[in-house]
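Reviewing the structure listed below.
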Amino acid sequence: MHTHSHGSALLTSQRILVALLITLAFMLVEAAAGLYANSLALLTDAAHNLTDVAALALSWYALRLTERPANSGKTYGYHRAGILVALANSMALVGIALFIFFEAYQRLLAPLHVEENVLIVVAALALLVNMGTALLVQRGSAHDLNVRSAFVHLLGDVVATFGALVAGIAIALTHLDALDALASMLIGVFILWSAWGIVRETVDILLESTPRGIDMSEMVRDLLRVNGVRGLHDLHVWSLSQAMRALSVHVLTEDVSLSAGADIQRSINQLLANKYGIAHSTLQLECAGCEPDQLYCNLNGGNGHAHIS
């Protein structure tokens, strides 16, 4: 399974590298065309492409970094590197959107003539290029926030270039140059919306919040149904990355033999892996006489009891 995971990560990093080189080349072409055509929509998309280059480079590096083995200094390995990159990429998207709003407002106050024919041709080419690079990175984005943040950057480019293309056609038909700035504002709104979801998920992971989709009450009931389990306390569930979940818990049992305790642990681990996708669990078995009164440990040392019912 590790070999399959390593091979998948290697293929993903190769696709990201190809997407990076294509995006870099086309960014230079689009920026030159935007300056020639006085098109904010094209310049906006070129600026977004520049951040895509940085985002793809960071994502590629993070994928390579997470393949490094754990060591004495990083006992969990480098899995959080991708989360940090995802947060950086999403915050960059927010900054881009704010810059777009400012520049679009300035253009609305003092519109510049837009060479709509250049805008249409370059936007159409950019749409094809951005769709191709987005499809390259899409695989693996559902289960890796790092890759998803890069994919959202590229998906934002698809929307941006489509908006620029529509703006160019509309300007050709109406001769309203302000439509270029309005299209940029709509692009900025989409970028903000797409970035927010990634910011929220990365912050949750960095705060070691309970992973989305896990019902803690249901998990406790399931664990208490395991044969030999009398109670639970000091229960913690968190994520190292979007696809890697971890759990630690103290499990109250009868005064059983080591082999019986191993059977209880095996049953708990199978339940956690099969139903909750938790492959890394730390279980501390305790015998009768250690009656728990706290389900979730209060690390601040306060009372805050959470009784099991």
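Note that the structure is a prediction, hence the values are computed from the model and not measured.
Hydrophobic clustering (ILVMFWY, side-chain heavy atoms < 4.5 Å, transitive): Val53 and Phe151 are in one cluster. Residues Leu186 and Leu127 do not share a hydrophobic cluster, clusters being chains of Ile/Leu/Val/Met/Phe/Trp/Tyr side chains in contact below 4.5 Å. At a threshold of 4.5 Å between side-chain heavy atoms, the hydrophobic network of Ile, Leu, Val, Met, Phe, Trp and Tyr places Leu108 and Phe99 in two separate groups. Linking ILVMFWY side-chain heavy atoms closer than 4.5 Å, directly or via other members, places Leu223 and Leu283 in a single hydrophobic cluster. If you chain together hydrophobic residues whose side chains sit under 4.5 Å apart, Leu17 and Met27 fall into the same group.
Side chains of Asn71 and Tyr78 form a contact here, defined as non-hydrogen atoms less than 4.5 Å apart. Annotation: side chain of Leu285 is in contact with side chain of Gln265 (closest heavy-atom distance under 4.5 Å). Using a 4.5 Å cut-off on side-chain heavy atoms (C-beta onward), Thr210 and Met216 make contact. In this structure, Phe26 and Leu125 have side chains that are in contact, with non-hydrogen atoms separated by less than 4.5 Å. Put simply, the side chain of Ile191 reaches to within 4.5 Å of the side chain of Ile100, judged on heavy atoms. Inter-residue side-chain proximity for Glu201 and Ile83 is flagged as unmet; no heavy-atom pair is nearer than 4.5 Å. At a threshold of 4.5 Å between non-hydrogen side-chain atoms, the residues Ile96 and Phe101 do not count as touching. Taking the side chain as every heavy atom from C-beta outward, Met244 and His280 never approach each other to under 4.5 Å.
Residues satisfying the salt bridge (Lys or Arg N to Asp or Glu O under 4.0 Å) test with Arg80, not counting sequence neighbours, are Glu208. Under the side-chain contact (heavy atoms from CB on, under 4.5 Å) criterion, Ala86 pairs with Leu145, Ser149, Ile198, Thr202, not counting sequence neighbours. Residues passing the ring-ring contact (aromatic ring centres under 6.0 Å, His included) test with His175, sequence neighbours excluded: none. In this structure Lys275 satisfies the salt bridge (Lys or Arg N to Asp or Glu O under 4.0 Å) test together with Glu218, Asp222, sequence neighbours excluded. Remark: Arg200 engages no residue in a salt bridge (Lys or Arg N to Asp or Glu O under 4.0 Å) (not counting sequence neighbours). With sequence neighbours left out, Arg266 forms a salt bridge (Lys or Arg N to Asp or Glu O under 4.0 Å) with Asp263.
Between Pro211 and Ser239, the shortest heavy-atom distance links the atoms CG-OG, 3.3 Å. Closest approach of Ala195 and Leu93 over heavy atoms only: CB-CB, 3.7 Å. Of all non-hydrogen atoms in Leu192 and Ala97, the two that sit nearest each other are CG-CB, 3.5 Å. Nearest heavy atoms, Val256 versus Gly261: CG2-N, 3.9 Å. Gly82 and Ala62 get closest at one heavy-atom pair: CA-CB, 4.0 Å. Contact detail for Val158 and Ala134: the closest heavy-atom pair is CG2-CB, 4.3 Å.
Around atom CG of Leu109, more than 12 heavy atoms belonging to other residues, nucleotides or ligands sit under 6.0 Å away. Counting heavy-atom neighbours within 6.0 Å of Phe190 CZ, excluding the residue itself, gives a total above 12. Enclosure of atom CZ in Phe162 is not indicated, since only 12 or fewer non-hydrogen atoms of other residues, nucleotides or ligands lie within 6.0 angstrom.
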Using side-chain contact (heavy atoms from CB on, under 4.5 Å), reason through Val229 and Ile264 one step at a time and then give a plain yes or no. CA-CA 7 Å; Val229 175; Ile264 294 172; 4.0 Å; yes
Test side-chain contact (heavy atoms from CB on, under 4.5 Å) applied to Leu87 and Leu206, step by step: CA-CA 10 Å; Leu87 181 61; Leu206 292 175; 3.8 Å; yes
Kindly determine whether Val251 and Glu286 satisfy side-chain contact (heavy atoms from CB on, under 4.5 Å), including the steps that lead there. CA-CA 6 Å; Val251 181; Glu286 301 171 346; over 6 Å; no
Would you please test Leu56 and Thr23 for side-chain contact (heavy atoms from CB on, under 4.5 Å) and show each step? CA-CA 9 Å; Leu56 289 167; Thr23 303; 3.9 Å; yes
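Note that CG of Leu165 and CD1 of Ile169 are 4.5 Å apart. Values are rounded to the nearest 0.5 Å. Remark: Ile22 CD1 to Asn130 CG distance equals 10.5 Å, nearest 0.5 Å. Interatomic distance, CG of Leu247 versus OG of Ser281, reported as 6.0 Å (0.5 Å rounding). To the nearest 0.5 angstrom, Leu135 atom CG is 10.0 Å from Leu155 atom CG. Here the CD atom belonging to Gln284 is positioned 4.0 Å from the NE2 atom belonging to His250, to the nearest 0.5 angstrom. Atom CG of residue Leu232 and atom CE of residue Met219 lie 10.5 Å apart, to the nearest 0.5 angstrom.
With Ser59 contributing its side chain and Ala55 its backbone, the two residues share a donor-acceptor pair below 3.5 Å. When atom types are taken as modelled, the side chain of Arg245 and the backbone of Val237 share no donor-acceptor pair closer than 3.5 angstrom.
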